[in-house]
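Structure first, commentary second.
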Amino acid sequence: MEQTASALEDPARDAPDFSPESLSTLDEYAANPRFIELQEELRGVLFASASSYDIGRQTTPDPKEARGDDAVHTSYSDHLARVNIPKSRLIQYMQNWVVECAPYLDKFDHEKHFGISVPIVSETSPALLYALLAFSARQMERKNSWTKNHDSLELYQESIRLLAPGMQARDANMLVTACILAVLELMSGSSKNWRRHIEGCATLFDLFRVNGFSGGLLQGVFWCYARMEVCGVIISAGTQSTVLPLGKWIPENDSQTDQDEFAASLFYRIGRQNSDMHANWAVYLCAKACDLLYKRTRFLELQEYYHFEARSFVVQWRRLWHDLQCWRETRPECMLPTMVSKDCNGMFPSILFAHWPAISCHQVYHAACIIALEMRPRSEAIPSPYASPVWHARRVCGISLTNPHKASLINAIQPLYLAGKLLTHRSEHLQMARLLKIIEQTTGWGALWRLRDLEAIWGYQTGEIASIIV
């Protein structure tokens, strides 16, 4: 078979072009011309700054040392005077960040870098300050259905304006700023154009050589970014892989060990002392499952294969499944469910967790298993119940129903979509619809667009299920 490696150099080349008008949400914010212009401006700032860097001289930055402007001796009051928004509202947005928004991003981070470190660092980084205020304002606008209050747009604009000087100064805080702005963009729409929102972030992580094991604030920011990547590749349904190659999610492998073995041993070793890293391992494995699905899709549809991948698909799949079961079998005690019952309301199992990261990482694990099982080679025998995609799907649903933790609900949107595709009974469809509605109403995060996708898969008219849920 002839290799066509050149066609694979740009995974986004054949990706569909989603116009903002086709991605309607509960409000018109995502289609606001100014918001769209600012998104393009942000991309331009990130890519232009990155192209001017001397990559050979870059090392992993320390956010404590880098500052993007002369704001070191400037107070919060001076920073906040840059926008025409009452100070009382800005304080409210900061409170909302600490109480409501930061936990969304800190869900796998017991050190709570977004909730503790980011507000402290933002005192000397105006671009970062306005990014977190914009995110918080946007979350409040969506959650409270404030259709006429667009403070977030002004704050978003100011953060982008201050981003360029920070990038020119090699300010590592701009990594944090760019990540928060990317999450804001994804929160505001259907996320189908996810790749455009995170490409700039990927460029910065690659440029600064930051990965999932860099430590401190930047490590926390990386895994926040990685969760966006996983949501995106699930949305792409095998048509795209991660923007940042998986090899750059972990430190460089200087040993003679196989890359998969190196990654597994790294996550396992550190995860034994730090349960957060075990949770992050599930994110990595889900991304790995999506990457294998992408390779398989390219081969089946375009008859392409990767010249740098010597192993057969069966061998790669077998390694993926082995790592997924290794993740399950080596979970730290705090990650295990506190209580499990056979069903919840007669439909889904009730699975209660006391440790917040355990909620999301188990759903991500089950999502990865669903993806893997749907492309399982016929030669591979798997014991029950793990061989059943429906078994995994029902557990994804049961976990959300039993653990209404807001940060975990946000992270559950894409796993719930994968699970929902396998549900066949109308009562299950209604319960799934209620779950997605609860997520959007309680967190401000766009989730009902996924219900419209599921309605089409289930065979309903658009809005048929959504119109009858309470």
Side-chain angles (χ1 to χ4, degrees), residues 25-26 29 92-119 121-122 128-144 152 155-156 159 175-191 194 197-198 201 217 219-232 234 276 279-280 282-283 286 353 355-364 399-400 403-416 435-450:
T25 182
L26 287 182
Y29 192 93
Q92 184 183 16
Y93 295 147
M94 178 62 82
Q95 291 172 329
N96 186 64
W97 169 267
V98 174
V99 175
E100 186 86 5
C101 299
Y104 295 175
L105 310 184
D106 279 330
K107 64 173 68 72
F108 286 8
D109 185 358
H110 74 278
E111 294 185 19
K112 300 180 180 179
H113 282 103
F114 281 98
I116 298 174
S117 301
V118 167
V121 174
S122 72
L128 177 57
L129 173 62
Y130 281 108
L132 70 87
L133 290 174
F135 183 99
S136 179
R138 185 69 193 123
Q139 188 270 341
M140 292 184 71
E141 290 164 3
R142 286 189 59 84
K143 182 179 177 181
N144 299 306
S152 62
L155 295 164
Y156 175 65
S159 179
L175 269 171
V176 190
T177 303
C179 185
I180 292 173
L181 294 178
V183 182
L184 180 154
E185 292 178 2
L186 289 169
M187 174 175 57
S188 298
S190 76
S191 303
W194 62 278
H197 298 312
I198 66 173
C201 294
L217 171 60
Q219 177 175 305
V221 173
F222 180 90
W223 287 111
C224 176
Y225 161 84
R227 291 191 295 273
M228 287 192 283
E229 280 264 42
V230 166
C231 289
I234 290 176
D276 291 348
N280 292 329
V283 175
C286 192
F353 292 98
H355 189 50
W356 287 352
I359 302 170
S360 289
C361 72
H362 276 83
Q363 288 185 306
V364 170
I399 289 171
S400 279
N403 303 271
H405 180 242
K406 290 183 180 179
S408 299
L409 288 176
I410 290 171
N411 213 53
I413 296 172
Q414 303 312 324
L416 284 171
L435 262 174
L436 293 173
K437 184 176 181 179
I438 288 170
I439 293 173
E440 184 146 324
Q441 289 182 336
T442 60
T443 69
W445 210 273
L448 288 175
W449 66 277
R450 263 321 197 183

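None of the values given here were measured: they were computed from a predicted structure.
Nearest approach of Met187 to Gln139, heavy atoms of both residues: CE-N, 3.8 Å. The minimum heavy-atom distance linking Met94 with Pro119 is given by the pair SD-CB, 4.5 Å. Closest heavy-atom contact between Leu132 and Trp97: O-CE3, 3.6 Å. Ile413 approaches Ala447 most closely through the heavy-atom pair CD1-CB, 3.8 Å.
Within a 6.0 Å radius of NZ in Lys112, other residues, nucleotides and ligands contribute 12 heavy atoms or fewer.
Between the side chain of Asn144 and the main chain of Met140, a donor-acceptor pair closer than 3.5 Å is present. Counting only distance, with no hydrogens or angles, the side chain of Thr443 and the backbone of Ile439 share a donor-acceptor pair below 3.5 Å. A distance-only check finds no donor-acceptor pair linking the side chain of Asn96 to the backbone of Ala137 [under 3.5 Å]. Counting only distance, with no hydrogens or angles, the side chain of Asp106 and the backbone of Gly115 share a donor-acceptor pair below 3.5 Å.
Proximity of Val176 to Leu217: side-chain heavy atoms (C-beta onward) are separated by under 4.5 Å at one or more points. Annotation: side chain of Trp223 is not in contact with side chain of Asp276 (no heavy-atom distance under 4.5 Å). The shortest side-chain heavy-atom distance between Thr177 and Ser159 falls under the 4.5 Å cut-off. The shortest distance between side-chain heavy atoms of Val183 and Met228 falls below 4.5 Å.
Between atom NE2 of residue His355 and atom OG of residue Ser360 there is a gap of 11.0 Å, rounded to the nearest 0.5 Å. Here the CG-OH distance, from Leu129 to Tyr93, works out to 13.5 Å after rounding to the nearest 0.5 Å. Atom OG of residue Ser400 and atom CD1 of residue Ile438 lie 9.5 Å apart, to the nearest 0.5 angstrom. The line from CH2 of Trp194 to CD of Gln414 is 11.0 Å long, rounded to the nearest 0.5 Å. With rounding to the nearest 0.5 angstrom, the SG atom of Cys179 is 7.5 Å from the CG atom of Leu105. To the nearest 0.5 Å, the span separating SG on Cys361 from CZ on Arg227 amounts to 11.0 Å.
Between the side chains of Asn411 and Gln363, not a single donor N or O lies within less than 3.5 Å of an accepting N or O.
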task: Report the C-alpha separation of Leu448 and Lys437 in whole Å, then their side-chain angles, then the decisive distance to 0.1 Å, and conclude whether the side chain to side chain contact (heavy atoms under 4.5 Å, CB included) test is met.
output: CA-CA 6 Å; Leu448 288 175; Lys437 184 176 181 179; 4.1 Å; yes
task: Might you work through the side chain to side chain contact (heavy atoms under 4.5 Å, CB included) test for His113 and Gln219, ending with a clear yes or no?
output: CA-CA 9 Å; His113 282 103; Gln219 177 175 305; over 6 Å; no
query: Does the pair Glu141 and Arg138 meet the rule for a salt bridge (Lys or Arg N to Asp or Glu O under 4.0 Å), with working shown?
result: CA-CA 5 Å; Glu141 290 164 3; Arg138 185 69 193 123; 3.1 Å; yes
- request: Determine, stepwise, if the pair Ile198 / Leu186 fulfils side chain to side chain contact (heavy atoms under 4.5 Å, CB included).
  value: CA-CA 9 Å; Ile198 66 173; Leu186 289 169; 4.2 Å; yes
field: Audit row: Ile359, Trp356, side chain to side chain contact (heavy atoms under 4.5 Å, CB included) steps and yes/no
entry: CA-CA 6 Å; Ile359 302 170; Trp356 287 352; 4.2 Å; yes
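Of the candidates Asp109, Val221, Val98, Val221 is the only one forming a side chain to side chain contact (heavy atoms under 4.5 Å, CB included) with Phe114. Leu128 pairs with exactly one of Ile180, Leu175, Leu133, Leu181 by the side chain to side chain contact (heavy atoms under 4.5 Å, CB included) rule, that one being Ile180.
Salt-bridge formation is not detected for the pair Glu440/Lys143: no Lys NZ or Arg NE/NH1/NH2 atom is positioned less than 4.0 Å from an Asp or Glu carboxylate oxygen.
Ring orientation note: the planes of Trp445 and Tyr104 are nearly perpendicular, at an angle over 60° on the 30°/60° scale.
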